[in-house]
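Notes follow once the structure below has been shown.
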Amino acid sequence: MRTQVAIIGSGPAGLLLGQLLTNAGIDNVILERASREHVLSRIRAGVLEEGTASMLDEADAGSRMRREGLPHEGFDLAFDGRRHRVDLHGHTGGKRVLVYGQTEVTKDLMDKRAATGARAVYEAADVLPQDFATGRPYVTYKVDGRTHRVDCEFIAGCDGYHGISRKSVPDDAIETFECTYPFGWLGIIADVPPVNEELIYANHPRGFALCSMRSPTRSRYYVQVPVEEKVEDWSDARFWDELRRRLPAATAEAVTTGPSIEKSLAAIRAFVAEPLRFGRLFLAGDAGHIVPPTGAKGLNLAASDVHYLFEGLRDYYIDKSSAGLDAYSAKALDRVWKAVRFSRWMTSTLHRFPDQDAFGQKIQHAELDYLFQSRAALTMLAENYVGLPY
Ligand code: RFL
Ligand code: PHB
(Lines give C-alpha, C1' and ligand atoms only; values in the text may rest on other atoms or scores of the structure.)
(Ligands and ions follow the chains in the order given, each with its own letter.)
Protein backbone atom coordinates (compact mmCIF):
# COMPACT_ATOMS: atom_id res chain seq x y z
CA MET A 1 0.00 0.00 0.00
CA ARG A 2 0.93 3.70 -0.34
CA THR A 3 0.61 6.55 2.12
CA GLN A 4 2.16 9.93 2.84
CA VAL A 5 3.27 9.24 6.42
CA ALA A 6 3.83 5.73 7.84
CA ILE A 7 3.58 5.81 11.64
CA ILE A 8 5.18 3.02 13.67
CA GLY A 9 3.50 2.57 17.06
CA SER A 10 0.00 3.16 18.34
CA GLY A 11 0.82 4.71 21.72
CA PRO A 12 -0.17 8.30 22.50
CA ALA A 13 2.54 9.75 20.21
CA GLY A 14 1.57 7.72 17.13
CA LEU A 15 -2.19 8.08 17.63
CA LEU A 16 -2.03 11.82 18.27
CA LEU A 17 0.19 12.47 15.25
CA GLY A 18 -2.05 10.25 13.13
CA GLN A 19 -5.19 12.11 14.14
CA LEU A 20 -3.73 15.59 13.55
CA LEU A 21 -2.52 14.47 10.09
CA THR A 22 -5.86 12.85 9.24
CA ASN A 23 -7.75 15.99 10.25
CA ALA A 24 -5.41 18.06 8.04
CA GLY A 25 -6.06 15.76 5.07
CA ILE A 26 -2.59 14.15 5.16
CA ASP A 27 -2.83 10.40 4.58
CA ASN A 28 -1.20 8.11 7.14
CA VAL A 29 -1.10 4.49 8.26
CA ILE A 30 -0.32 3.24 11.78
CA LEU A 31 1.56 -0.05 12.17
CA GLU A 32 1.45 -1.49 15.71
CA ARG A 33 3.08 -4.65 16.99
CA ALA A 34 0.60 -5.36 19.79
CA SER A 35 -3.16 -5.84 19.75
CA ARG A 36 -5.50 -2.92 20.51
CA GLU A 37 -6.47 -4.62 23.78
CA HIS A 38 -2.87 -5.02 24.85
CA VAL A 39 -2.09 -1.34 24.16
CA LEU A 40 -5.14 -0.37 26.23
CA SER A 41 -4.17 -2.64 29.12
CA ARG A 42 -0.98 -0.71 29.91
CA ILE A 43 -1.37 1.55 32.93
CA ARG A 44 1.00 4.48 32.72
CA ALA A 45 0.84 8.26 32.95
CA GLY A 46 -1.83 10.27 34.69
CA VAL A 47 -0.94 13.96 34.55
CA LEU A 48 -1.53 16.07 31.43
CA GLU A 49 -0.07 19.52 30.90
CA GLU A 50 -2.39 22.16 29.44
CA GLY A 51 -0.44 21.96 26.16
CA THR A 52 -1.09 18.21 25.95
CA ALA A 53 -4.78 18.67 26.70
CA SER A 54 -5.02 21.39 24.01
CA MET A 55 -3.46 19.04 21.48
CA LEU A 56 -6.13 16.45 22.23
CA ASP A 57 -8.72 19.17 21.64
CA GLU A 58 -6.96 20.09 18.38
CA ALA A 59 -7.16 16.44 17.34
CA ASP A 60 -10.88 16.63 18.10
CA ALA A 61 -10.46 13.85 20.68
CA GLY A 62 -10.69 15.91 23.86
CA SER A 63 -14.38 15.97 24.77
CA ARG A 64 -14.39 13.06 27.26
CA MET A 65 -11.12 14.35 28.77
CA ARG A 66 -12.78 17.74 29.33
CA ARG A 67 -15.79 16.04 30.96
CA GLU A 68 -14.05 13.45 33.11
CA GLY A 69 -10.49 14.79 33.61
CA LEU A 70 -9.76 16.30 37.03
CA PRO A 71 -8.22 19.80 36.94
CA HIS A 72 -5.54 20.13 39.64
CA GLU A 73 -4.26 23.53 40.76
CA GLY A 74 -1.59 22.22 43.09
CA PHE A 75 -0.04 19.21 44.81
CA ASP A 76 1.60 18.45 48.15
CA LEU A 77 5.20 17.66 48.98
CA ALA A 78 5.51 15.67 52.22
CA PHE A 79 8.72 15.59 54.27
CA ASP A 80 9.66 15.71 57.97
CA GLY A 81 6.23 14.28 58.79
CA ARG A 82 4.39 17.29 57.30
CA ARG A 83 2.67 18.21 54.04
CA HIS A 84 3.48 21.44 52.19
CA ARG A 85 1.30 22.61 49.31
CA VAL A 86 2.75 23.66 45.96
CA ASP A 87 0.29 26.18 44.54
CA LEU A 88 0.74 25.59 40.81
CA HIS A 89 -2.04 27.98 39.88
CA GLY A 90 -0.72 30.83 42.04
CA HIS A 91 2.89 30.45 40.89
CA THR A 92 2.20 30.24 37.15
CA GLY A 93 -0.31 32.99 36.53
CA GLY A 94 -3.29 30.63 36.62
CA LYS A 95 -2.10 27.39 34.99
CA ARG A 96 -3.17 23.92 36.09
CA VAL A 97 -2.72 20.28 35.07
CA LEU A 98 -5.35 17.70 34.25
CA VAL A 99 -5.43 14.26 35.89
CA TYR A 100 -6.64 11.88 33.16
CA GLY A 101 -5.13 8.44 32.57
CA GLN A 102 -2.97 7.65 29.57
CA THR A 103 -5.19 4.61 28.99
CA GLU A 104 -8.16 6.93 28.51
CA VAL A 105 -6.17 9.24 26.21
CA THR A 106 -5.22 6.22 24.10
CA LYS A 107 -8.79 4.92 24.04
CA ASP A 108 -10.21 8.31 22.99
CA LEU A 109 -7.65 8.59 20.17
CA MET A 110 -8.30 5.00 19.01
CA ASP A 111 -12.06 5.63 18.98
CA LYS A 112 -11.55 8.85 17.02
CA ARG A 113 -9.31 7.08 14.51
CA ALA A 114 -11.88 4.34 14.00
CA ALA A 115 -14.63 6.97 13.54
CA THR A 116 -12.61 8.80 10.86
CA GLY A 117 -11.84 5.53 9.08
CA ALA A 118 -8.06 6.07 9.02
CA ARG A 119 -5.98 2.93 8.47
CA ALA A 120 -4.25 1.09 11.31
CA VAL A 121 -2.74 -2.39 11.36
CA TYR A 122 -2.53 -4.07 14.78
CA GLU A 123 -0.50 -7.22 15.53
CA ALA A 124 1.92 -6.32 12.75
CA ALA A 125 5.08 -8.43 13.21
CA ASP A 126 8.66 -7.58 12.19
CA VAL A 127 7.87 -3.94 11.36
CA LEU A 128 10.97 -2.48 9.70
CA PRO A 129 11.59 1.09 8.47
CA GLN A 130 13.74 0.97 5.32
CA ASP A 131 15.60 3.27 2.89
CA PHE A 132 14.83 6.36 4.98
CA ALA A 133 18.17 7.91 3.98
CA THR A 134 16.77 8.08 0.41
CA GLY A 135 13.82 9.93 -1.06
CA ARG A 136 11.75 6.71 -1.25
CA PRO A 137 11.40 5.21 2.20
CA TYR A 138 9.15 2.26 2.94
CA VAL A 139 8.15 0.06 5.85
CA THR A 140 7.75 -3.72 5.73
CA TYR A 141 5.77 -5.84 8.21
CA LYS A 142 4.20 -9.28 8.49
CA VAL A 143 0.65 -10.35 9.22
CA ASP A 144 -0.08 -14.09 9.49
CA GLY A 145 3.41 -14.80 8.15
CA ARG A 146 2.87 -12.79 4.94
CA THR A 147 5.11 -9.79 4.25
CA HIS A 148 3.49 -6.47 3.34
CA ARG A 149 5.04 -3.18 2.26
CA VAL A 150 3.97 0.43 2.83
CA ASP A 151 5.58 2.95 0.45
CA CYS A 152 5.58 6.42 1.96
CA GLU A 153 7.15 9.87 1.95
CA PHE A 154 8.02 10.02 5.65
CA ILE A 155 8.26 7.56 8.55
CA ALA A 156 7.36 8.60 12.10
CA GLY A 157 9.01 6.32 14.67
CA CYS A 158 6.55 6.50 17.58
CA ASP A 159 7.31 2.99 18.84
CA GLY A 160 8.51 3.69 22.35
CA TYR A 161 11.80 2.98 24.10
CA HIS A 162 11.98 -0.67 22.99
CA GLY A 163 10.85 0.04 19.42
CA ILE A 164 12.59 -0.76 16.14
CA SER A 165 12.83 2.77 14.70
CA ARG A 166 15.74 4.03 16.80
CA LYS A 167 17.48 0.66 16.50
CA SER A 168 17.29 0.90 12.68
CA VAL A 169 19.53 3.96 12.62
CA PRO A 170 23.24 3.28 11.89
CA ASP A 171 25.35 3.58 15.08
CA ASP A 172 27.52 6.34 13.67
CA ALA A 173 24.50 8.56 12.92
CA ILE A 174 23.11 8.68 16.45
CA GLU A 175 24.41 9.68 19.86
CA THR A 176 22.73 8.56 23.07
CA PHE A 177 22.87 9.94 26.61
CA GLU A 178 21.73 7.88 29.57
CA CYS A 179 21.41 7.98 33.34
CA THR A 180 20.12 4.94 35.24
CA TYR A 181 18.88 4.81 38.82
CA PRO A 182 19.30 2.01 41.39
CA PHE A 183 15.55 1.94 42.12
CA GLY A 184 12.20 1.52 40.43
CA TRP A 185 8.58 2.40 41.17
CA LEU A 186 6.16 -0.25 42.32
CA GLY A 187 2.71 0.99 41.42
CA ILE A 188 -0.82 -0.19 42.15
CA ILE A 189 -4.31 0.81 41.10
CA ALA A 190 -7.21 0.19 43.47
CA ASP A 191 -10.87 1.12 43.38
CA VAL A 192 -10.77 3.13 46.58
CA PRO A 193 -11.17 6.90 47.00
CA PRO A 194 -7.83 8.80 46.82
CA VAL A 195 -6.39 9.82 50.19
CA ASN A 196 -6.32 13.48 49.11
CA GLU A 197 -7.96 15.60 46.43
CA GLU A 198 -4.51 16.50 45.08
CA LEU A 199 -1.37 14.43 44.49
CA ILE A 200 1.11 13.90 47.34
CA TYR A 201 4.81 13.37 46.57
CA ALA A 202 6.52 12.10 49.74
CA ASN A 203 10.18 12.12 50.71
CA HIS A 204 10.78 9.67 53.56
CA PRO A 205 13.81 7.88 55.08
CA ARG A 206 12.27 4.55 53.88
CA GLY A 207 12.04 5.92 50.33
CA PHE A 208 9.83 7.94 48.01
CA ALA A 209 6.05 7.46 47.79
CA LEU A 210 3.42 9.03 45.52
CA CYS A 211 -0.33 9.25 46.06
CA SER A 212 -2.09 9.81 42.75
CA MET A 213 -5.48 8.95 41.28
CA ARG A 214 -7.45 8.25 38.14
CA SER A 215 -10.89 9.38 39.36
CA PRO A 216 -12.68 10.21 42.64
CA THR A 217 -13.13 6.45 43.15
CA ARG A 218 -9.87 5.07 41.72
CA SER A 219 -6.45 5.56 43.33
CA ARG A 220 -2.96 5.17 41.91
CA TYR A 221 -0.13 4.76 44.42
CA TYR A 222 3.60 4.20 44.01
CA VAL A 223 6.49 3.35 46.33
CA GLN A 224 10.20 3.47 45.51
CA VAL A 225 11.77 -0.02 45.68
CA PRO A 226 15.25 -1.41 44.85
CA VAL A 227 15.56 -2.08 41.14
CA GLU A 228 15.97 -5.83 41.66
CA GLU A 229 12.68 -6.17 43.60
CA LYS A 230 10.03 -8.67 42.34
CA VAL A 231 6.35 -7.77 42.03
CA GLU A 232 5.41 -11.31 43.22
CA ASP A 233 7.00 -10.53 46.58
CA TRP A 234 4.60 -7.65 47.16
CA SER A 235 1.21 -8.69 48.50
CA ASP A 236 -1.39 -5.94 48.67
CA ALA A 237 -1.02 -5.87 52.46
CA ARG A 238 2.74 -5.36 52.21
CA PHE A 239 2.25 -2.56 49.70
CA TRP A 240 -0.31 -0.70 51.81
CA ASP A 241 1.84 -1.04 54.93
CA GLU A 242 4.90 0.31 53.17
CA LEU A 243 2.97 3.19 51.58
CA ARG A 244 1.48 4.25 54.91
CA ARG A 245 4.86 4.14 56.66
CA ARG A 246 6.17 6.71 54.20
CA LEU A 247 3.34 9.21 54.66
CA PRO A 248 2.77 11.72 57.50
CA ALA A 249 0.78 10.02 60.31
CA ALA A 250 -2.56 11.76 59.74
CA THR A 251 -2.35 11.09 55.98
CA ALA A 252 -1.41 7.45 56.55
CA GLU A 253 -4.45 7.02 58.74
CA ALA A 254 -6.71 8.48 56.08
CA VAL A 255 -5.61 6.01 53.35
CA THR A 256 -8.45 3.74 52.26
CA THR A 257 -7.02 0.35 51.32
CA GLY A 258 -8.56 -2.30 49.12
CA PRO A 259 -7.63 -5.03 46.64
CA SER A 260 -5.31 -3.90 43.85
CA ILE A 261 -6.56 -4.27 40.28
CA GLU A 262 -3.09 -3.76 38.83
CA LYS A 263 0.41 -3.97 40.27
CA SER A 264 3.61 -3.38 38.30
CA LEU A 265 7.21 -2.32 38.61
CA ALA A 266 8.71 0.37 36.37
CA ALA A 267 12.43 0.96 35.97
CA ILE A 268 13.54 4.57 36.33
CA ARG A 269 15.94 6.05 33.79
CA ALA A 270 16.73 9.11 31.74
CA PHE A 271 17.71 8.56 28.10
CA VAL A 272 18.00 10.91 25.14
CA ALA A 273 18.90 10.12 21.52
CA GLU A 274 20.29 12.86 19.27
CA PRO A 275 19.29 13.85 16.70
CA LEU A 276 15.62 12.90 16.33
CA ARG A 277 15.70 12.99 12.52
CA PHE A 278 17.51 10.66 10.12
CA GLY A 279 16.68 11.59 6.54
CA ARG A 280 12.99 10.77 6.21
CA LEU A 281 12.69 8.99 9.58
CA PHE A 282 11.64 11.04 12.62
CA LEU A 283 11.62 9.78 16.22
CA ALA A 284 8.90 11.09 18.57
CA GLY A 285 8.02 10.32 22.19
CA ASP A 286 9.65 7.50 24.15
CA ALA A 287 11.31 6.24 20.94
CA GLY A 288 13.65 9.22 21.25
CA HIS A 289 13.81 9.85 25.00
CA ILE A 290 12.77 8.62 28.45
CA VAL A 291 12.53 10.62 31.66
CA PRO A 292 12.08 9.42 35.25
CA PRO A 293 8.31 9.63 36.01
CA THR A 294 8.79 11.88 39.05
CA GLY A 295 8.16 15.04 37.02
CA ALA A 296 5.18 13.52 35.14
CA LYS A 297 6.76 14.51 31.83
CA GLY A 298 7.01 11.42 29.56
CA LEU A 299 3.59 11.55 27.94
CA ASN A 300 3.72 15.33 27.82
CA LEU A 301 7.02 15.23 25.93
CA ALA A 302 5.49 12.76 23.48
CA ALA A 303 2.77 15.38 22.88
CA SER A 304 5.23 18.27 22.45
CA ASP A 305 7.33 16.24 19.97
CA VAL A 306 4.15 15.55 18.03
CA HIS A 307 3.30 19.26 18.11
CA TYR A 308 6.61 20.15 16.40
CA LEU A 309 6.53 17.18 14.02
CA PHE A 310 2.96 17.85 12.94
CA GLU A 311 3.81 21.53 12.33
CA GLY A 312 6.71 20.43 10.14
CA LEU A 313 4.62 17.96 8.13
CA ARG A 314 1.77 20.43 7.73
CA ASP A 315 4.22 23.11 6.48
CA TYR A 316 5.64 20.56 4.06
CA TYR A 317 2.32 19.39 2.60
CA ILE A 318 0.23 22.54 2.83
CA ASP A 319 2.79 25.38 2.52
CA LYS A 320 5.40 23.40 0.51
CA SER A 321 8.12 24.41 3.01
CA SER A 322 10.71 22.08 4.58
CA ALA A 323 11.69 24.60 7.25
CA GLY A 324 9.56 23.02 10.00
CA LEU A 325 10.87 19.52 9.35
CA ASP A 326 14.45 20.82 9.25
CA ALA A 327 13.92 22.49 12.64
CA TYR A 328 12.10 19.51 14.25
CA SER A 329 14.97 17.77 15.98
CA ALA A 330 16.50 20.91 17.51
CA LYS A 331 13.15 22.31 18.67
CA ALA A 332 11.95 19.06 20.20
CA LEU A 333 15.30 18.32 21.89
CA ASP A 334 15.43 21.78 23.43
CA ARG A 335 12.22 21.07 25.33
CA VAL A 336 13.22 17.46 26.04
CA TRP A 337 16.46 18.42 27.80
CA LYS A 338 14.66 20.90 30.03
CA ALA A 339 12.21 18.18 31.04
CA VAL A 340 15.11 15.79 31.67
CA ARG A 341 16.71 18.42 33.89
CA PHE A 342 13.48 18.95 35.84
CA SER A 343 12.67 15.23 36.17
CA ARG A 344 16.19 14.52 37.37
CA TRP A 345 15.93 17.31 39.94
CA MET A 346 12.55 16.04 41.23
CA THR A 347 13.94 12.50 41.35
CA SER A 348 17.10 13.39 43.24
CA THR A 349 15.23 15.67 45.64
CA LEU A 350 12.54 13.14 46.55
CA HIS A 351 14.15 9.66 46.48
CA ARG A 352 16.51 7.87 48.86
CA PHE A 353 19.70 6.73 47.13
CA PRO A 354 21.48 3.61 48.44
CA ASP A 355 24.79 5.51 48.59
CA GLN A 356 23.29 8.66 50.12
CA ASP A 357 25.47 9.77 53.03
CA ALA A 358 24.63 12.22 55.83
CA PHE A 359 25.88 15.12 53.70
CA GLY A 360 23.59 14.11 50.82
CA GLN A 361 20.65 13.90 53.18
CA LYS A 362 21.31 17.35 54.63
CA ILE A 363 21.47 18.83 51.12
CA GLN A 364 18.21 17.11 50.14
CA HIS A 365 16.55 18.49 53.22
CA ALA A 366 17.87 22.01 52.55
CA GLU A 367 16.60 21.76 48.97
CA LEU A 368 13.06 20.92 50.15
CA ASP A 369 13.08 23.50 52.95
CA TYR A 370 14.30 26.23 50.59
CA LEU A 371 11.37 25.63 48.25
CA PHE A 372 8.92 26.77 50.88
CA GLN A 373 10.99 29.81 51.88
CA SER A 374 11.51 31.20 48.40
CA ARG A 375 8.87 32.28 45.93
CA ALA A 376 11.50 32.06 43.17
CA ALA A 377 12.33 28.42 44.03
CA LEU A 378 8.68 27.39 44.15
CA THR A 379 8.02 29.22 40.87
CA MET A 380 10.81 27.18 39.23
CA LEU A 381 9.11 23.99 40.39
CA ALA A 382 5.60 25.13 39.42
CA GLU A 383 6.41 26.44 35.93
CA ASN A 384 8.21 23.23 35.02
CA TYR A 385 5.52 20.98 36.49
CA VAL A 386 2.69 22.64 34.53
CA GLY A 387 4.91 22.47 31.43
CA LEU A 388 7.23 24.91 29.69
CA PRO A 389 5.71 26.72 26.69
CA TYR A 390 6.03 25.07 23.24
P1 RFL B 1 4.47 4.13 24.06
O2 RFL B 1 3.30 4.48 24.88
O3 RFL B 1 5.49 3.23 24.63
O4 RFL B 1 3.91 3.53 22.69
C5 RFL B 1 4.76 2.91 21.74
C6 RFL B 1 3.94 1.92 20.93
O7 RFL B 1 4.79 1.34 19.93
C8 RFL B 1 4.56 -0.07 19.89
N9 RFL B 1 5.75 -0.73 19.38
C10 RFL B 1 5.87 -1.19 18.12
N11 RFL B 1 5.02 -1.19 17.08
C12 RFL B 1 5.45 -1.75 15.93
N13 RFL B 1 6.67 -2.34 15.78
C14 RFL B 1 7.55 -2.37 16.80
N15 RFL B 1 8.75 -2.93 16.65
C16 RFL B 1 7.16 -1.78 18.03
N17 RFL B 1 7.77 -1.64 19.23
C18 RFL B 1 6.91 -1.00 20.03
C19 RFL B 1 4.25 -0.43 21.33
O20 RFL B 1 3.51 -1.66 21.40
C21 RFL B 1 3.43 0.78 21.78
O22 RFL B 1 2.05 0.59 21.56
O23 RFL B 1 5.27 5.45 23.59
P24 RFL B 1 4.73 6.94 23.30
O25 RFL B 1 3.56 6.94 22.39
O26 RFL B 1 5.94 7.70 22.92
O27 RFL B 1 4.19 7.47 24.71
C28 RFL B 1 5.07 7.73 25.78
C29 RFL B 1 4.39 7.47 27.12
O30 RFL B 1 3.81 6.19 27.09
C31 RFL B 1 5.34 7.57 28.31
O32 RFL B 1 6.27 8.62 28.12
C33 RFL B 1 4.61 7.83 29.65
O34 RFL B 1 3.79 6.75 29.98
C35 RFL B 1 5.60 8.09 30.79
N36 RFL B 1 4.94 8.26 32.09
C37 RFL B 1 4.35 9.46 32.44
N38 RFL B 1 4.32 10.49 31.56
C39 RFL B 1 3.67 11.66 31.89
O40 RFL B 1 3.67 12.59 31.06
N41 RFL B 1 2.99 11.82 33.08
C42 RFL B 1 2.96 10.82 34.00
O43 RFL B 1 2.30 10.99 35.03
C44 RFL B 1 3.69 9.61 33.72
N45 RFL B 1 3.68 8.58 34.59
C46 RFL B 1 4.92 7.20 33.01
C47 RFL B 1 4.28 7.40 34.27
C48 RFL B 1 5.50 5.98 32.71
C49 RFL B 1 5.46 4.96 33.65
N50 RFL B 1 6.06 3.73 33.30
C51 RFL B 1 5.33 2.54 33.22
C52 RFL B 1 7.40 3.74 32.73
C53 RFL B 1 4.24 6.40 35.20
C54 RFL B 1 4.85 5.17 34.91
C55 RFL B 1 4.81 4.11 35.97
C1 PHB C 1 0.31 8.76 37.88
O2 PHB C 1 -0.79 9.12 38.29
O3 PHB C 1 0.48 7.66 37.32
C4 PHB C 1 1.49 9.65 38.04
C5 PHB C 1 1.30 10.91 38.56
C6 PHB C 1 2.39 11.76 38.74
C7 PHB C 1 3.65 11.33 38.39
C8 PHB C 1 3.84 10.07 37.84
C9 PHB C 1 2.75 9.22 37.67
O10 PHB C 1 4.72 12.16 38.58
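One is the number of the first residue; the rest follow in order along the sequence. None of the values given here were measured: they were computed from a predicted structure. Counting starts at 1 for both ligands and their atoms, following the listed order.
- Outside the 6.0 Å centre-distance limit, the rings of Phe239 and Tyr221 are not counted as a close aromatic pair.
- Considering backbone and side-chain N/O atoms, Gly298 comes within less than 3.5 Å of an N/O atom of ligand 1.
- Counting heavy atoms under 4.0 Å from ligand 2, residue Trp185 touches it through the side chain alone.
- Every N/O-N/O distance between Tyr161 and ligand 1 stays at or above 3.5 Å.
- The single protein non-hydrogen atom nearest to atom 12 (C) of ligand 1 is Arg33 N, 3.2 Å, given as residue, atom name and distance.
- Taking only nitrogen or oxygen atoms, main chain and side chain alike, Ala267 does not reach within less than 3.5 Å of ligand 1.
- One finds no salt bridge joining Arg344 and Glu178 here, because no Lys/Arg side-chain nitrogen approaches an Asp/Glu carboxylate oxygen to under 4.0 Å.
- Counting atoms of ligand 1 from 1 in the listed order, those under 4.0 Å from a heavy atom of Cys158 are 5 (C), 6 (C), 7 (O).
- Polar contact with ligand 2: present for Pro293 (N/O pair, distance under 3.5 Å).
- With a 4.0 Å heavy-atom cut-off, ligand 2 is reached by no atom of Val99.
- The shortest heavy-atom distance from Arg214 to ligand 2 is under 4.0 Å.
- Between Tyr122 and Ala120, the shortest heavy-atom contact is CE1-CB, 3.7 Å.
- Of the protein's heavy atoms, Ser212 OG, 2.6 Å lies nearest to atom 2 (O) of ligand 2.
- Cation-pi geometry between Arg146 and Tyr141 is not satisfied (NZ or CZ under 6.0 Å from the ring centre, within 45° of the ring normal).
- Ion pairing between a basic and an acidic side chain is recognised when a charged N comes within 4.0 Å of a carboxylate O; Glu123 and Arg33 show no such pairing.
- Cation-pi geometry between Lys297 and Tyr385 is satisfied (NZ or CZ under 6.0 Å from the ring centre, within 45° of the ring normal).
- At a 3.5 angstrom cut-off on N or O pairs, Asn300 counts as close to ligand 1.
- Of all the atoms in ligand 1, the ones that sit under 4.0 Å from a non-hydrogen atom of Leu31 are 11 (N), 12 (C).
- Considering backbone and side-chain atoms alike, Glu32 places an N or O below 3.5 Å from some N or O of ligand 1.
- Ligand 1 has a nitrogen or oxygen under 3.5 angstrom from a nitrogen or oxygen of Ala13.
- By the 6.0 Å contact criterion, CZ on Arg238 is enclosed, its count of non-hydrogen atoms from other residues, nucleotides or ligands being greater than 12.
- Because its NZ or CZ atom is both nearer than 6.0 Å to the ring centre of Phe154 and within 45° of the ring axis, Arg280 counts as a cation-pi partner of that residue.
- Ligand 2 lies nowhere less than 4.0 angstrom from a heavy atom belonging to Met346.
- In the vicinity of Ile8, heavy-atom distances shorter than 4.0 Å reach the ligand 1 atoms 12 (C), 13 (N).
- A salt bridge links Lys338 to Asp334: at least one charged side-chain nitrogen sits closer than 4.0 Å to a carboxylate oxygen.
- Between Pro12 and ligand 1, at least one N/O pair is under 3.5 Å apart.
- Considering both main-chain and side-chain atoms, Pro293 never comes within under 3.5 Å of ligand 1 through any nitrogen or oxygen pair.
- Selection from Tyr385, Tyr222, Tyr201 by nearest heavy atom to atom 7 (C) of ligand 2 gives Tyr201.
- At least one N/O-N/O distance between Asp286 and ligand 1 falls below 3.5 Å.
- With respect to Glu242 and Arg245, a salt bridge is recorded, a charged nitrogen being found less than 4.0 Å from a carboxylate O.
- Considering backbone and side-chain atoms alike, Leu299 places an N or O below 3.5 Å from some N or O of ligand 1.
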